[in-house]
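These numbers come from the heavy atoms of this one structure, side chains and all, not from hydrogens, waters or symmetry mates.
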Amino acid sequence: MPELPEVETVVRGLQTTIVGETIQDIEIPWSKALQPDSAYDSLIGKTIHGVSRRAKFINIELDRGSLVVHLRMTGKLSRLYPEKYVTVILHFQSGNSLFFQDMRKFGRMVYTEDKQEFFAHLGPEPLSDDFSVSLFQDMLKEKNRMIKPLLLDQTFLAGLGNIYVDEALFQAGVHPESFAKLIPKKQSGKLHQAIRHILSESIRAQGTTVVNFSHGENQSGTYQAALQVYGRRGEPCQDCETPIEKIKLGQRGTHFCPRCQKTYR
DNA sequence: CGGCCATCCTGCACGC
DNA sequence: TGCGTGCAGGATGGCC
């Protein structure tokens with residue numbers, strides 16, 4: 001499951017490989033993966049001028065407009081033919097190609113001429129300078145919602161996924177069912193720090209790569225071992241040895257230590 | 001506004 | 001062995 005750090009790693013790779021390429025042709029084995037329907041015509045002949053990241057979106061900038069990619073659960077971009085689960089192939093004039101592989105077919109490539117508009121609904125970038133402790137504390141203060149689903153809401157804060165939210169809440173000692181506006185300043189400060197720490201550390205680890213969809217199976221990153229609650233139901237908490245619990249919250253599997261994480265309600 | 005549900009997809013774990 | 005069932009999950013959209 002690619003989270004923000006994995007996406008960042010992919011983007012850095014693409015910056016050194018596909019910038020300057022011109023799209024000559026596109027194959028679309030899974031038609032839903034490339035949107036809108038007119039995207040094919042819009043993309044032919046376009047040259048890639050840069051690659052950047054916004055939240056978990058990969059923004060491939062063209063001479064006009066952008067090709068925005070979201071990998072969702074199982075999407076991967078690769079320069080080599082992956083054989084299985086290929087949904088879109090960009091063929092470049094150079095003879096090189098870029099393959100979009102996605103077993104679960106949730107991932108999307110979207111052509112947009114107005115990326116500002118496309119990203120307009122997203123909340124702040126958790127790693128940006130703008131995202132200060134005081135801003136975060138102000139944002140929490142006005143939200144009468146449980147903290148876990150709130151942190152997953154991309155319009156509130158853009159880029160956190162299920163795994164890192166559980167980890168950040170554990171590190172901050174905040175129970176996922178706490179109400180945002182009731183979290184004391186000290187704890188929301190810790191939470192802010194935990195979010196940024198986890199994200200930047202796993203970017204440093206070359207994109208975490210938490211747990212594969214097959215559960216517990218390592219892919220490539222080194223951050224897996226650093227996970228303290230996610231996927232550890234029943235295992236002793238590393239701080240107090242109380243078994244880690246798993247509940248469903250906002251339709252998401254949610255892991256936490258019932259002793260170390262305090263509920264504010 | 002907030003919470004809940006269904007939807008999209010597929011592979012895998014589990015129970016019988 | 002093989003089958004059926006349920007689960008996982010990012011984001012969106014609909015409903016109450």
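In this model, the phosphate group of C:dA8 is not approached by any side-chain N or O of A:Arg252 to a distance below 4.0 Å at OP1 or OP2. The side chain of A:Tyr85 contributes an N or O atom lying less than 4.0 Å from OP1 or OP2 of B:dG11. In terms of phosphate contacts, A:Lys246 brings a side-chain nitrogen or oxygen within less than 4.0 Å of OP1 or OP2 of C:dA8. Between A:Lys32 and B:dC9 there is a side-chain polar atom (N or O) within less than 4.0 angstrom of OP1 or OP2. In this structure, A:Tyr164 does not reach the C:dG10 phosphate: none of its side-chain N or O atoms is under 4.0 Å from OP1 or OP2. Taking side-chain N and O atoms only, A:Lys248 has no distance below 4.0 Å to OP1 or OP2 of B:dC4. Proximity of A:His121 to the phosphate of C:dT12: a side-chain N or O atom is located under 4.0 Å from OP1 or OP2.
Each of A:Asn144 and A:Arg108 has a nearest nucleotide on DNA chain B; the 5'-most of these lies closest to A:Asn144.
Counting heavy atoms from C-beta on, the side chains of A:Tyr264 and A:Phe179 never come closer than 4.5 Å. Contact annotation: the side chain of A:Val174 never approaches that of A:Lys262 to less than 4.5 Å [non-hydrogen atoms, C-beta and beyond].
Residue-to-nucleotide contacts include no donor-acceptor pair under 3.5 Å from the side chain of A:Arg72 to the base of C:dG9. Residue side chain A:Gln251 reaches the base of B:dA6 through a donor-acceptor N/O pair under 3.5 Å, judged by distance alone.
Atom CG in A:Leu249 sits roughly 13 Å away from atom P in C:dA8 (whole-Å rounding). Between the CZ atom of A:Arg104 and the C1' atom of B:dT7 there is a distance of 15 Å, rounded to whole Å. Atom C1' of nucleotide C:dA11 and atom NE2 of A:His70 are separated by 7 Å, given to the nearest angstrom. We find that NZ of A:Lys76 is positioned 15 Å from C1' of C:dG10, with the value rounded to whole Å. If you take CZ of A:Phe100 and P of B:dC9, they are 13 Å apart, rounded to a whole angstrom. Whole-Å rounding puts the A:Leu152 CG to C:dA11 P distance at 9 Å. As rounded to whole Å, 17 Å separates atom P of C:dG9 from atom CG of A:Asp153. Regarding A:Leu71, its CG atom lies at a distance of 17 Å from the P atom of C:dG9, rounded to whole Å.
Aromatic stacking is marked for A:Phe106 over C:dG10, as both cut-offs hold: 5.5 Å for the centres and 30° for the planes.
Side-chain contact check for A:Glu245 and A:His255: no donor-acceptor pair (N or O, by modelled atom type) lies under 3.5 Å. Side chains of A:Thr155 and A:Asp153: a donor-acceptor N/O pair is present below 3.5 angstrom, by distance only.
In the set C:dG9, B:dG2, B:dT10, the nucleotide with an atom closest to the side chain of A:Met73 is C:dG9. Side-chain proximity of A:Lys56 to the nucleotides B:dG11, C:dG10, B:dC9 is greatest for C:dG10.
Aromatic ring pairs are classed by plane angle as parallel below 30°, tilted from 30° to 60° and perpendicular above 60°; the pair A:Phe131 and A:His192 is tilted.
A:Leu67 pairs in a side-chain contact (heavy atoms from CB on, under 4.5 Å) with only one of the listed residues (A:Val88, A:Thr112, A:Leu90, A:Leu98), which is A:Leu90.
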